[in-house]
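To keep things clear, I will list the structure first and then write my remarks on it.
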Amino acid sequence: MELDTDDASVSYPIKITSTTSNGIVELTISNSSNISTNGYRLRYVNSNRTFIAERMVDNVPVPNESLIINENSNGGIWEAIYQGVSIKIIEGSNSFIDNDRFSFSTFKTQNPEGKVNVFNISDQAYNVFSPF
């Protein structure tokens, strides 16, 4: 675990399909002013070797907000910037399979003080004791 104090952040990508492909997905914030709190999916399309980046709401892609990410000329690498997130996908020794999917999320605090590392626990009505 790492302490995350950036006002805008992106989660670790999670592969949500159980296939034998073993590629790598790297995500970084490229423009924090374009980040809001959202969920996303990267979906592989084997017929044209592209990935589609989609913002998801209630597990459904938002219409007119997807981005097709084309494979670079050297093959096996896809790169793009989508809604403030820099995406780099590298194919592993086991190729991606049609409809392979990865999910990730972004977070941007609305707190004018920025993201703070506190529990914000006020005095409790009852005595709380933890042996740890």
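Fair warning: this is a prediction, and the values are worked out from it, not measured in the lab.
Ring planes of Phe51 and Phe102: tilted class, angle from 30 to 60°.
Taking CD1 of Ile16 as the reference point, atom CZ of Arg43 lies at 10.5 Å (rounded to 0.5 Å). The line from OG of Ser21 to CG of Asp98 is 11.0 Å long, rounded to the nearest 0.5 Å. For the atom pair OH of Tyr44 and CG of Asn99, the computed distance is 11.5 Å after rounding to the nearest 0.5 Å. Taking OG of Ser105 as the reference point, atom CE of Met56 lies at 13.0 Å (rounded to 0.5 Å).
Among all heavy-atom pairs drawn from Ala53 and Ile69, the shortest one is CB-CD1, 4.2 Å. The heavy-atom pair separating Ile29 from Ala8 by the smallest distance is CG1-O, 4.0 Å.
Inspection of the Thr17 and Asp100 side chains reveals an N or O donor paired with an N or O acceptor under 3.5 Å.
In this structure, Asn70 and Asn48 have side chains that are not in contact, with every pair of non-hydrogen atoms separated by 4.5 Å or more. In this structure, Ile24 and Ile89 have side chains that are not in contact, with every pair of non-hydrogen atoms separated by 4.5 Å or more. The side-chain heavy atoms of Arg55 and Pro61, taken from C-beta on, include no pair separated by under 4.5 Å. By the 4.5 Å heavy-atom criterion applied to side chains, Val85 and Phe104 are counted as neighbours. Within the 4.5 Å cutoff, the side chain of Glu54 has no heavy atoms near those of the Val62 side chain.
Under the 4.5 Å side-chain heavy-atom criterion for Ile, Leu, Val, Met, Phe, Trp and Tyr, Ile35 and Val25 are members of the same hydrophobic cluster. Under the 4.5 Å side-chain contact rule for hydrophobic residues, Ile52 and Leu42 do not share a cluster.
Counting heavy-atom neighbours within 6.0 Å of Asn59 CG, excluding the residue itself, gives a total of 12 or less. In Ile68, the CD1 atom is not crowded: 12 or fewer heavy atoms of neighbouring residues, nucleotides or ligands sit closer than 6.0 Å.
Each salt bridge (charged side-chain N to carboxylate O under 4.0 Å, His left out) pair with one or both residues in residues 13-30, not counting sequence neighbours, would appear here, but there are none. The side-chain hydrogen bond (donor to acceptor under 3.5 Å, both in side chains) contacts involving residues 75-93 comprise Asn22-Ser93, Tyr40-Gln83, Arg49-Glu91, Glu65-Gln83, where partners must be two or more places apart or lie in separate chains.
Scanning for side chain to side chain donor-acceptor pair (under 3.5 Å) contacts around Asp58 gives an empty result, with sequence neighbours left out.
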**Study point:** From CA spacing to verdict: side-chain contact (heavy atoms from CB on, under 4.5 Å), Leu67, Ile81
**Key:** CA-CA 9 Å; Leu67 173 70; Ile81 295 176; over 6 Å; no

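Here the side chain of Thr106 pairs no donor or acceptor atom with the backbone of Val10 at under 3.5 angstrom.
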